[in-house]
Amino acid sequence: MASNYKEYRDLNFAKIAEEMLEFWKKEQIFEKSVSNREGAESFTFYEGPPSANGTPGIHHVMARTVKDIFCRFKTLEGYQVKRKGGWDTHGLPVELQVEKLLGITKDDIGKKFSIEEYNNKCRETVMMYKDQWDDLTTKMGYWVDLKNPYITYEKEYIESLWWILKQFYDKGLLYKGYTIQPYSPSDGTGLSSHELNQPGCYKEVKDTSIVAQFKVKRDSKSEFLFANAHSDAFILAWTTTPWTLPSNTALAVGEKIKYVLVNTFNPYTFKPVSVVIAKDLVGKYFAEKNKDLSIENYKPGDKAIPYKVVAEFTGKELVGVRYEQLMPYLQPLTDADKAFQVVAGDFVTTEDGTGVVHTSPTFGADDFRVAKQNGIPALTLKDEAGNEVPTVDKKGKFVSPIGEKLKEGVAKFKIKTHKPLGADDFYVKNYTDEDESHPDYKTTDVIISIILKEENKAFDVRKYEHTYPHSWRTDKPVLYYPLDAWFIKTTALKDKMVELNKTINWKPESTGTGRFGNWLENLVDWNLSRSRYWGTPLPIWRTKDGREEICIGSLEQLNKEIEKSIAKGLMKKSPVEKGDLHRPYVDDVILVSASGQPMYRETDLIDVWFDSGAMPYAQWHYPFENATVFEQNYPADFIAEGVDQTRGWFFTLHAIAVMLSESSDVIKAVNKKVGNGGVAFKNVISNGLVLDKDGNKMSKRKGNVVNPFEALSTYGADVVRWYMIENAPPWDNLKFDFDGIVETQRRFFGTLLNTYSFFALYANIDGFVKDEMNLGDEKHLTNLDRWILSKLQTLTQEVTKAYEEYEPTKAARAIQNFVNDHLSNWYVRLNRKRFWKGEMTQDKKAAYETLYECIMVTAQLMSPVAPFFSDWLYKNLTDNIRAAAIKNNTPLRFASIHLTDLTKPETNRIEEDLEKSMDYAQRICSLVHSIRKNSKIKVRTPLKKILLPVVDDSFATRIKTVEEIILAEVNVKAIEYIDDTSGIVVKKVKPNLPKLGKQYGPKMKEVSAVIASMTKEEIAAIEKTGKLSKGGFDLSVEDVLISSEDIPGWAVATEGGITVALDINITDDLKREGIARDFVNRVQNMRKDMGLEVLDKIGIEVEKDGEVVTAALTEFKEYISVETQALSLELKEKVAGASDVDMDEFQLKVKISVKK
RNA sequence: GGGCUUGUAGCUCAGGUGGUUAGAGCGCUACACUGAUAAUGUAGAGGUCCGUGGUUCGAGUCCACGCAGGCCCA
């Protein structure tokens, strides 16, 4: 007989995947799955580009499984899902890798190694592991278009980026400002965080630290500080960089921190002062033993300084308090009215200092940020060219107006120095190699502290030892210093971003509202500048004096400007004529300004995050090309990346989209056309981390890194994918455990495969062929068929909903439950006999149709998660009828499951009553098994009856529809339904707490006691009349839960409101039948031991052994023969060559021979 | 230090709107079943629901404060 359905013995899921890959490749299934849907509505997915300069890890399998699931699902639903792959190619990691490869440092670039060569090397290196990535993509079954990927270094891509930047520029959303960065005055250059992390960079140094007294301005806001003060009120703030004090413009406090006001005396001037300090830090500046000293008796010069805490308040109350400028040498250029007040800072701690942080926006990153957020100006001045500069110049020296004041101070307070100091001699650190061993050498910090002490403005001055970063080249201290940078004014559209974020469906929600939402609320402008070589150049050219500038938004514009410049004689020919827009070529472009001045490119590159965040536009080279494709694929319906991308890609996508939607007329028009409010994506899954099985982060150092290729080749992509999704929701961290994968393989895939194999085995024997044109008549379906089909519809509904709600774990778990619990362990198990017995009948056909449909739909529902195995199942089930299906144009005409249309749930086939009944049946069977177990009666021994107390009629009706199933399953002859009238059921009553609670509240204990004490008669009464008055309570039947849990004298089991009693008397009839069944079992085992096939016929000879056995074998001869495929069953006095068979209670001598 | 997040059996996880005895799978032990057999059923052992307070007649669930892990940011 020709096999319609392939049968498999040695199954290997990795091998199936290989086989399917081959097939997909040959038949171009992925390409077809997209082209198939030409003209259909598109579902847009954006691929977050990976960087191929590192090797892929197991977490990429996780992330990409999530992406793949929904793209596949939406394709099944009928959408066209183009998914353009992409590569992230710029950025620091690439550069660092190249530096390492070449054995050079950043300093060598442009010297030992030309920028041109360097960038070429970057270009090569960035695709170093592309092969591995492609391999992973293929092997894990991730469908993404890698034939036409977007690559961020290509000139078209960069042109789109320039276009976007110009949109911002034209609307004033791109500006040059400054940001606080580590800067080394000794080598005149900024340092990257990477350079700062060089070993030996952080050194232990002793610096002068000052606790300065900031005098509070008395007004309504600060009045509370004066209530108990015995002098002016001062706020104490600590700094290890006294040189930043002349540029102080604010003080930061922690809103939740507790502060106190202390009456005491200045230790240098002995004047009475009332100072504000964090409560926790009082002990640091005041000796406990001086607490009780009398303030009144203090005399200037006393060593023990008394102090008294006179008020307590939170930082929140201090916010807004104003104070006098500490060193009024210069005034802020702008917003002077906002300067010199207390603000809240989330970085303030009570770990050291005074719990108040002196803030100087030009010399600290936190300071800068908090000032910006509160509208506090920095203290700056104009240089000769009119540019705004900080109080310290790039050589690390105070500007002369400050120097002048310090010089005055030195003179006024007669401070001895090692040499006369002019206004231009005040370096904030020793950058001029002064002789520090000179007895009168004083650092600028020390000079400042002396001046402050004299002016009653220093509360505590001491040496402080701490680590401080130094230049790795010169060993001189680094300053945190304002450096030029280009910014995108994201703050201008902060509200819009916050608002639009609320329209995005985040999975999990908390990442959107919490992590992302909070980040948006505290947004600062996006610093776009990077001082590197390999990246997208900033398309801005400026004249030397910075008065004229131009932002280039396209190649065409650039070339035009270049022509102008050539005409002016500034260049001979275009440095970018080869089309490479990278450095160094673009740096050689000199443009001409309107007034005829040469303009040079701002040397910065832009943040690589801008590259990836702009991919919705740049991947299509929009707006220069592909306007239609862009409109069809904008915005994204769905994106997914790791949660670590919240402030990375998720943010840049959102920020760029919102800003373009507000600033670009072109995008506004598109938004209107496609009905987009301005977002880049509508649904987003941010998945968690993949940890090792003990919950540790995977790292090379720990040696717990899982090789994705190994996992895939050992278990196959389906099992790995399924495990990852089924185990926990993607946004939870996954503890990756191979034992878990093995379990998934065995428990789910093994079971499903068994189910298929079972189907294939018998379908082949019976020659069953699926016929889509001639579906079986529904009336031949049994209860069990209708039940599993109903379950299948419910499953389809549930799974579809789960996928639509981006809940893949729910989908996978539902499928798994269906396959394991319902399809395999119930439907197939109970139906086995239908399949293996007799000729092909309508009933049997119905069974095949049913099982076929279940496997088919299951395969389809699981296909987004397990694309290989599901397609393999599909092909096995349908390859034999493909030609016919194509001819008839029926649903199974497609070569792959991934080309099919998703089966819609048919709610009219859901039979809730039947599902409920079957649920009862399963539970009753479980209870009967339990009783058998306790009574030690095996299932092969038939029993007479089950007693089933029925609480209401509908219950009995339900059970009757599944009675036969129960009886067959537990091998019992009958069910007897008993109701109240039988008088053998003992009813129990319990309070219905949720209902009673609302009604009686505090009286619950009383009511419960009353209900517990109800008599048999009272229970009957309340059941009959629906009410009962007892113990002062008027109870209704809804207030109690009545159940029957005991039948005296019977073996009983109860669970979840169902009670079952079993008649465990074994009569002679039952015993004989039991023997017959046992005998069948033994013969079957012997057949198996003999290696017989299912259809092989046998003859059985048995030696006589006692009356009961003889009677049993005679009475059930027919039954035994059918079950065991026996042509004869003979009872003889003596059987030669018979083997001993253990029948538990006795032995039999049996011989089996094969009959042809 | 801040934001977010997790904590339930040896392991992996479920446990709308508070409700009586907290569940499943795996693993372990025992028994059974057997023509799906590298399957299957039943039972048993196994819990301070991270801790401490609070709200409530009643808290795994709500609130507060902690502890421990994770991510991101400082």
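So you know, we letter chains A, B, ... as the sequences are listed, proteins then strands, and number each from 1. In this text the structure is predicted, and so the values were computed from the model without any measurement.
- For A:K494, the NZ atom is densely surrounded, since the number of other residues' heavy atoms within 6.0 Å is greater than 12.
- Atom P of nucleotide B:G15 and atom NZ of A:K810 are separated by 8 Å, given to the nearest angstrom.
- The side chain of A:R746 has B:A39 as its nearest neighbour among B:G70, B:A39, B:U5.
- The minimum heavy-atom distance linking A:Y5 with A:N876 is given by the pair CD2-O, 3.3 Å.
- Taking atom C1' in both B:C26 and B:G69, the straight-line distance is 24 Å, to the nearest Å.
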A:D367/A:S360 under side chain to side chain donor-acceptor pair (under 3.5 Å): CA gap, chis, key distance, verdict: CA-CA 6 Å; A:D367 310 41; A:S360 129; 4.9 Å; no
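- For A:N727, the side-chain atoms get nearest to B:U12 when compared with the rest of B:U12, B:C4, B:C26.
- Comparing the C1' positions of B:U55 and B:C62 gives a spacing of 8 Å, expressed to the nearest Å.
- Residues A:L823 and A:L851 meet the side-chain proximity criterion, which asks for heavy atoms closer than 4.5 Å.
- A donor-acceptor contact under 3.5 Å is not formed by the side chain of A:R813 with the base of B:C13.
- In this structure, A:D737 reaches neither bases nor backbone, as no heavy-atom distance under 4.0 Å exists between it and the strands shown.
- The C1' atoms of B:U12 and B:G46 are separated by 16 Å, rounded to the nearest whole Å.
- Distance noted for atom C1' between B:U6 and B:C50: 11 Å (whole Å).
- For the C1' atoms, the distance from B:U61 to B:U56 is 13 Å, rounded to whole Å.
- Nucleotides B:G23 and B:G15 have their P atoms positioned 15 Å apart, rounded to a whole Å.
- Comparing A:L691 and A:W519 by the nucleotide of RNA chain B whose heavy atom lies nearest to each, the residue mapping closer to the 5' end is A:L691.
- Between A:E805 and A:K507 there is no salt bridge, since no side-chain nitrogen of the basic residue lies less than 4.0 Å from a carboxylate oxygen of the acidic one.
- Taking only side-chain nitrogens and oxygens, A:N825 comes nearer than 4.0 Å to OP1 or OP2 of B:G41.
- Within the 4.0 Å cut-off from OP1 or OP2 of B:A36, at least one side-chain nitrogen or oxygen of A:Y762 is found.
- Looking at heavy-atom distances under 4.0 Å, A:R829 makes contact with a base.
- Residue contacts shown for A:V828 include a base, since a base heavy atom lies under 4.0 Å away.
- The partner of B:A68, taking Watson-Crick or G-U wobble pairs whose two distances both stay under 3.5 Å, is B:U6.
- With a cut-off of 3.5 Å on both Watson-Crick or G-U wobble distances, the partner of B:G23 is given as B:C13.
- Dashed line: the shortest gap from a side-chain N or O of A:R747 to OP1 or OP2 of B:U12 is not under 4.0 Å.
- As the counterpart of B:G1, B:C73 is assigned, both hydrogen-bonding distances of the Watson-Crick or G-U wobble pattern falling under 3.5 Å.
- Between the C1' atom of B:C13 and the CD atom of A:Q816 lies a distance of 12 Å, rounded to the nearest Å.
- Base-pair partner of B:G44: B:C28 (Watson-Crick or G-U wobble, both distances under 3.5 Å).
- Residue A:S824 places a side-chain atom within donor-acceptor reach of the base of B:A36, judged by atom type and a 3.5 Å distance cut-off alone.
- Aromatic rings of A:Y848 and A:Y762 (six-membered ring for Trp) have centroids beyond the 6.0 Å cut-off, not under it.
- Checking the phosphate oxygens (OP1, OP2) of B:C73, no side-chain nitrogen or oxygen of A:R515 falls inside 4.0 Å.
- Look at B:A36: it lacks any Watson-Crick or wobble partner with both distances under 3.5 angstrom.
- Between A:L823 and A:L689, the residue anchored nearer the 5' end of RNA chain B, judged by the nucleotide with its closest heavy atom, is A:L823.
- Heavy atoms of A:R832 sit under 4.0 angstrom from at least one base atom.
- Rounded to a whole angstrom, the distance from the P atom of B:C31 to that of B:G47 is 24 Å.
- Whole-Å rounding puts the A:D821 CG to B:U42 P distance at 10 Å.
- Using a 4.0 Å heavy-atom distance criterion, A:S757 is classed as making no nucleic acid contact.
- Nucleotide B:U61: unpaired (no Watson-Crick or G-U wobble partner with both distances less than 3.5 Å).
- Straight-line distance between the P atoms of B:A24 and B:U42: roughly 11 Å, to the nearest whole Å.
- When side chains are defined from C-beta on, A:Y715 does not count as touching A:F13, because their heavy atoms never get closer than 4.5 Å.
- When atom types are taken as modelled, the side chain of A:E641 and the backbone of A:G48 share a donor-acceptor pair closer than 3.5 angstrom.
- Using a 4.0 Å heavy-atom criterion, one finds that A:N754 contacts the bases of the nucleic acid, with or without backbone contacts as well.
- The nearest whole Å value for the distance from the CH2 atom in A:W731 to the C1' atom in B:C13 is 15 Å.
- Taking atom CZ of residue A:F738 and atom C1' of nucleotide B:C26, one finds them 18 Å apart after rounding to whole Å.
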